[in-house]
Colleague: 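Input: one structure, supplied below.
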Protein chains: 2
Amino acid sequence: MSKVTIYDISKKLNISAATVSRALNNNPKISLKTRELVMKTAEEMNYEQNTLALALKSGKSNTVGILVPYMNRSFFSSVIRGIEEELYPHGYHVIICQTRDDAKSEVQNINTLLNAQVDGIFMSVSKNTKDTGHIDRVLQKGIPLVFFDRKKNIPGVSSVTIDDFNGAYMSVEHLIKQGCKRIAHFLGDINLEIYKDRYNGYLRAMTDYNLPIDKNYIIRTNSKVESGTAAVKKLMQLPSPPDAIFSSSDFTALGAVQELKKTGIRVPDDICISGFSNESFTQYTEPTMTTVDQTPIKMGKMSARVFLEQIDEEISVTIEKKVVLSPQLVIRDSSDRLKKK
Amino acid sequence: MSKVTIYDISKKLNISAATVSRALNNNPKISLKTRELVMKTAEEMNYEQNTLALALKSGKSNTVGILVPYMNRSFFSSVIRGIEEELYPHGYHVIICQTRDDAKSEVQNINTLLNAQVDGIFMSVSKNTKDTGHIDRVLQKGIPLVFFDRKKNIPGVSSVTIDDFNGAYMSVEHLIKQGCKRIAHFLGDINLEIYKDRYNGYLRAMTDYNLPIDKNYIIRTNSKVESGTAAVKKLMQLPSPPDAIFSSSDFTALGAVQELKKTGIRVPDDICISGFSNESFTQYTEPTMTTVDQTPIKMGKMSARVFLEQIDEEISVTIEKKVVLSPQLVIRDSSDRLKKK
DNA sequence: TTGTAGGCGTTATCAA
DNA sequence: TTGATAACGCCTACAA
């Protein structure tokens, strides 16, 4: 039972607890002798600082909260990893909450995090979050909040995202350069900005290259494999089916590939496909899949840095920082026609 | 700035803070009137309990620590998810540390967790952990510790694992029933029990079915794809190459499949392959891969339950609980010869 | 350079 | 049923 407190040390040494505290904290106004003595006996007695008491006293818990839809999605777990690795050297712990992509649960989790007195909150908002009252409460309390990936546009709140627009643009541009002209798009949930941005990137690239945009080529999907197979079926029944698909999700892209192969249509020879997210399976499919890497670990590290800067500010001015990371186009076989020739 | 304390409420109501505290905690010896009054004003004033103060007072932080090698590996993040989901309703938070599969970092992380006064620790030990001094310290402090997946055999410590032996046995048995007789094995790091168990399951199944065990068929691998390609190359150069491979890892199994396909050997017609872990990519490879599901979310939930039982025990008797979950053989195309015919 | 005292927000004990 | 007080372990004015 190690319950050694500074008081125990002070008794043993016949000095005051205050002196012990100062010695332990390298307070300059303390004699070298006493400091060393204290340090030594603290060591001997196996003293360990009670962080809870410290937290209560200082109002700082040295803990940050992270809110994600599900923590076992590779993208999110990688972001969390990035945050953890950046924050660990600074003495912070990360506590993780899952919203299950549900706004109600998000609110509840925010509450418990506030209650746990976290020093900061990182979050990727849920799909169906409309109201932002819970977020406002965080801000009112002066607790640094950083959005990552899925954000809400709230003045004064920092965010770290990737340039989804550009990721999409690069993808589509790549497809065009492979010689594709009739490019379809699998559109994700437009409640989320990321999907809107990808859509817009697609539109812009098409326009920039003077390619017609066919409404029939734009199919709404969720991020499931089956959604991709269904979508591609619809596309191939069109009088003039597309010669490429830019999907906003790797899963739907995979569904499309599977379905196409089943019907004997060759990828990429007959139709080029590209996905989004660089899910780990994309490197193992056949053909391997072209996709956009979102650099999640980097995103996590960046978010952590934004947070650290925020709390370092002497004045608690709410500085809003919008970091936009560049995504990485990963070209693989599912779209690489030219290499094959 | 909501910094409403019970003291603020007490002042407003001209009663003592103690009464407020009791009312808030549904203490029976309090008049209904005052309770309701307190509740109402607490609500009005936006009172929130300071968990830090509570933690200091009670010595309970309502937080548990989880130690994993890397939190973005799908297996581990899924276990964590399971733990989180089971513990959340009980008011616990999970704080996560990464050991990077390094014993030193493991020790350090244990220290910070103890320092943060967690109420319990869940861990999957690092590959190179030999000394268990840090674990003993946890036990000495009377903090519940639960191993999951990768455990050390320490008396008094509970663990939740899957029956790796049986998972392997089922796999090999399945291969045998497909008509395979010369079954090779990709052996993992034998510092870890899980790989030893899988190896033993393999051996037993072979023996039970009177199949000869050829030393040349047992290849050491790490869990990388390339390790699998290298291993299979070695195997195929043997005078009598195997007609099946039971791999202790999905990644090495994948490497094997890739290499075999490259050399024109058909899977499963010429050689059957099975992996281990049910990594998400295994359902998308070609052929889809037979593997063993470790039910990680279930493992997390189970671990959480073991922890909850442990802290519920009135007497702090160290009861050791060894939960062994049954793995699930997932039969897919890479080994399914019979279905094809 | 060191000690004293007060407080962070709660709850538990003892009186009233 | 309620109130006063001490205590959890630490830090920090202020005083010495």
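Throughout, protein chains are lettered first and strands after them, A, B, ... in sequence-line order, and every chain is numbered starting at 1. As a basis for the values below, the full set of heavy atoms in this structure was taken, side chains included, without hydrogen atoms, waters or symmetry mates. Values in this document were obtained by computation on a predicted structure and should not be read as measured data.
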Colleague: Using whole Å, report how far CG of A/N14 lies from P of C/dT4.
Modeller: 11 Å
Colleague: Measuring only between side-chain heavy atoms, which start at C-beta, is B/I154 closer than 4.5 Å to B/L145?
Modeller: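 With C-beta onward as the side chain, the pair stays apart.
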Colleague: For B/K104, I'd like to know if atom NZ has over 12 heavy atoms of other residues, nucleotides or ligands within 6.0 Å.
Modeller: no
Colleague: Mind listing the residues from residues 30-39 of chain A sitting with a heavy atom below 4.0 Å of DNA chain D? Number order is fine.
Modeller: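 None, since no heavy atom is under 4.0 Å.
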Colleague: Using nucleotides 9-12 of chain C, report all nitrogen or oxygen pairs with the protein that are shorter than 3.5 Å.
Modeller:
unit_1 : atom_1 : unit_2 : atom_2 : d
C/dT10 : OP1    : B/Y47  : OH     : 2.5
C/dT10 : OP1    : B/N50  : N      : 3.2
C/dT10 : OP2    : B/I6   : N      : 2.9
C/dT10 : O5'    : B/Y47  : OH     : 3.3
C/dT11 : OP1    : B/N25  : ND2    : 3.3
C/dT11 : OP1    : B/Q49  : NE2    : 3.0
C/dT11 : OP2    : B/S21  : OG     : 2.7
C/dT11 : OP2    : B/N25  : ND2    : 3.3
C/dT11 : O2     : B/K57  : NZ     : 3.2

Colleague: So, using side-chain contact (heavy atoms from CB on, under 4.5 Å) as the criterion, who are the partners of B/S61 when residues are at least two apart?
Modeller: A/L52, B/T63, B/D119
Colleague: So, using ring-ring contact (aromatic ring centres under 6.0 Å, His included) as the criterion, who are the partners of B/F307 when residues are at least two apart?
Modeller: B/Y92, B/F122
Colleague: Starting at the 5' end of DNA chain D and moving along, which residue's nearest nucleotide shows up first, B/S58 or B/T19?
Modeller: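 Mapping each residue to its closest nucleotide by heavy atoms, the 5'-most match is B/T19.
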Colleague: Are A/N191 and A/K130 close enough that a side-chain donor and a side-chain acceptor fall under 3.5 Å?
Modeller: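 Note: A/N191 and A/K130 side chains meet the donor-acceptor criterion.
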Colleague: With heavy atoms of chain B within less than 4.0 Å as the criterion, where does contact along DNA chain D begin and end?
Modeller: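 First and last nucleotides in contact are D/dT1 to D/dG9.
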Colleague: Applying side-chain contact (heavy atoms from CB on, under 4.5 Å), name anything that partners B/E44, two or more places apart in sequence or on another chain.
Modeller: B/K40, B/T41
Colleague: Can you list the residues that meet the side-chain contact (heavy atoms from CB on, under 4.5 Å) rule with B/E85, with sequence neighbours excluded?
Modeller: A/Q98, A/R100, B/R81, B/K301
Colleague: Name the nucleic acid region contacted by B/L52, choosing base, sugar-phosphate or nothing; use a 4.0 angstrom heavy-atom cut-off, strictly under.
Modeller: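 Nothing, no heavy atom under 4.0 Å.
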Colleague: Which donor-acceptor pairs under 3.5 Å do side chains of residues 15-25 of chain B form with protein atoms, sequence neighbours excluded?
Modeller:
unit_1 : atom_1 : unit_2 : atom_2 : d
B/S16  : OG     : B/A18  : N      : 3.4
B/S16  : OG     : B/T19  : N      : 3.2
B/S16  : OG     : B/T19  : OG1    : 2.9
B/S21  : OG     : B/N25  : ND2    : 3.4
B/N25  : ND2    : B/S21  : O      : 2.7

Colleague: Give a yes or no on whether a salt bridge exists between A/R137 and B/E48, defined as a side-chain N under 4.0 angstrom from a carboxylate O.
Modeller: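 No.
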Colleague: How bent is the helix from C/dT1-D/dA16 to C/dA16-D/dT1, measuring the angle between the end axes built from five pairs each, rounded to 10°?
Modeller: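 The helix from C/dT1-D/dA16 to C/dA16-D/dT1 shows an end-to-end axis angle of 50°.
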Colleague: Under 4.0 Å between a Lys/Arg side-chain N and an Asp/Glu carboxylate O for A/D101 and A/R150?
Modeller: yes
Colleague: Determine all donor-acceptor pairs shorter than 3.5 Å in which one atom belongs to a side chain in residues 6-13 of chain B; sequence neighbours excluded.
Modeller:
unit_1 : atom_1 : unit_2 : atom_2 : d
B/D8   : OD2    : B/T5   : N      : 2.9
B/S10  : OG     : B/Y7   : O      : 2.7

Colleague: Would you list the pairs meeting ring-ring contact (aromatic ring centres under 6.0 Å, His included) in which at least one residue belongs to residues 29-68 of chain A, sequence neighbours left out?
Modeller: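 ring-ring contact (aromatic ring centres under 6.0 Å, His included) check on residues 29-68 of chain A returns no pairs.
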Colleague: Test of understanding: with side-chain contact (heavy atoms from CB on, under 4.5 Å), list the residues that count as partners of B/S77, not counting sequence neighbours.
Modeller: A/M71, A/N72, A/S77
